[in-house]
Amino acid sequence: MHLNLRFPALLGAAAAISQAALSQEAGQQRPNIIYIMSDDHAYQAISAYGGPLKDLASTPNIDRIGKEGIRFDRCLVTNSISGPCRAVILTGKYSHLNGFLNNEGQKPFDGSQQTFPKLLQKAGYQTAMIGKWHLMSDPTGFDHWEVLPGQGSYYNPEFITSEGRHTEKGYVTELITEKSLKWLDEARKTGKPFMLMMHHKAPHREWQPGPNELTLYKNVKFPETETLFDDYSNRGTAEKTQDMTISKTMRIEEDLKLYKDKSKMKSTGLTRMDSLQMANWNAVYDPIIKEFYSLNLTGLDLVRYKYQRYLQDYLACIAAVDKSVGEVLDYLRESGLDKNTVVIYASDQGFYLGEHGWFDKRWMFEQSYRTPLLISWPGVTKPGSVNSDMVSNIDLPETFLEIAGVKVPDDMQGRSMVPILKGKTPSDWRKEHYYHYYEYPGSHMVKRHYGMSTERYKLIHYYYDIDEWELYDIKADPQEMKNVYNDPEYASIRKYLHKRLAKLMKKYGDSEQLAKSFLPEN
Ligand code: CA
């Protein structure tokens, strides 16, 4: 009922059901699509996926989508980093073809190319993009767009529209929700089906909780992941030389808000807060800061403390996202739109919550390679179902097009998941998935790599400044702690996977030669 308090005008609009909504209720219109995507939301932090955080930090509203639809357990991304994932979802093409390979040192996304929102718009859909965009150029293919510049700010953020930039007072997750609900309320009066992309900034680093969630997990102790103190033995140079550990890389002040010097708040945008917001913030964090510096922690105790602080803030950001999802679902129900609206919840990619001692993403290892995906399509998806088919973010645009009855262009590289949504996985559905990550040298120093996975194995090649192959047997080693590439027992599977990888690269038009043409020196 949060919505009603914040939007008294919307309640009236919802009561007076328009002609368009009536025809939608009668199922006469093509389905609406709401794609809700957060940034860096680990599946380990969604209670529908189970796991040790399930009861300590539940996400009841995101879980509702799974209860009404399908939870996908093997949704794999093609290049585990923000902008590139977004470009893949818009175009249905791997990074080397859509041209957006990295977050850093990257030319703006070429918005003149074919995207699924453009195709939907052409087919009579109203389209909107609200929230984090992160592709540097202005959005194209949307009737309405209002996006954050770059990574955006948590407090009193700036938004960009076709008219320029402006600042709004409030917390970014709540502002994106309000804007989306307002647009939905306008859109549904026109009699056209709609497609809304609602993209949250949260829970991206530096994990700044909103005013209503500041104290939520302050006193909760979370279980430590088993590989928090991974020493990267039995693996190669790439794992040993990365810069993304909780122990060394995570900053005590900027990331964990344990500011000794509050002038450092400027670099993370916290000084955007007004005096009241700042007073509320300090009331919560000052005692934590005081306690932390009195403890004088070092070594493993310090890592343990950092891990807890990290999770407290990260999960508090997610609580606001979950509330947002609840408000959207409530609005759909109150307006009757729920009957003909497909709702999707996903993250741009997965994230490490201490696995291998890490935060961040980028790798082809499970926690960042997999992204959460829940889809409900009333009357089509079987409530509460769980699917383990190998699907991918590259399949989303084709899925959206087929839902809308729009012909899928031949040059898109994924595959529509509509048969799966209907409960019938095609017998020739993919059993292998291709991956390619490019951002190196760069933040966190994760070396460039490409590779393929099957249900059981992963073959990975680090090809820039080193030439190292890795092979993981996920069945024998689910935590991915042992590279068995040179183990004679795996010689025949290694040979087989090499062959398959070459085929996949050919299929998708990628090659090591092409990859090398994208290197910084070229
Ligand atoms: Ca991200």
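Counting starts at 1 for both ligands and their atoms, following the listed order. For the single chain, residues carry numbers from 1 onward in sequence order. Everything numeric here is computed off the predicted structure, so don't read it as measured data.
For the Ca ion (ligand 1), the neighbouring protein N/O/S atoms at less than 3.0 Å, given as residue and atom, are D39 OD1, D40 OD1, D348 OD1, D348 OD2, Q349 OE1.
For residues 436-449, the set of pairs meeting the salt bridge (charged side-chain N to carboxylate O under 4.0 Å, His left out) definition, not counting sequence neighbours, comprises R362-E439, K447-D465.
The aromatic ring centres of F351 and F359 sit 6.0 Å or more apart.
Ring-plane geometry between Y434 and Y450 is classed as tilted, the angle between the planes lying from 30 to 60 degrees on a 0 to 90 degree scale. Aromatic ring pairs are classed by plane angle as parallel below 30°, tilted from 30° to 60° and perpendicular above 60°; the pair Y171 and Y154 is parallel. Relative ring orientation between W281 and Y285 is described as parallel, the plane-to-plane angle staying below 30° on a 0-90° scale split at 30° and 60°.
Checking side-chain atoms of T245 against main-chain N and O of W358 turns up no donor-acceptor pair under 3.5 Å.
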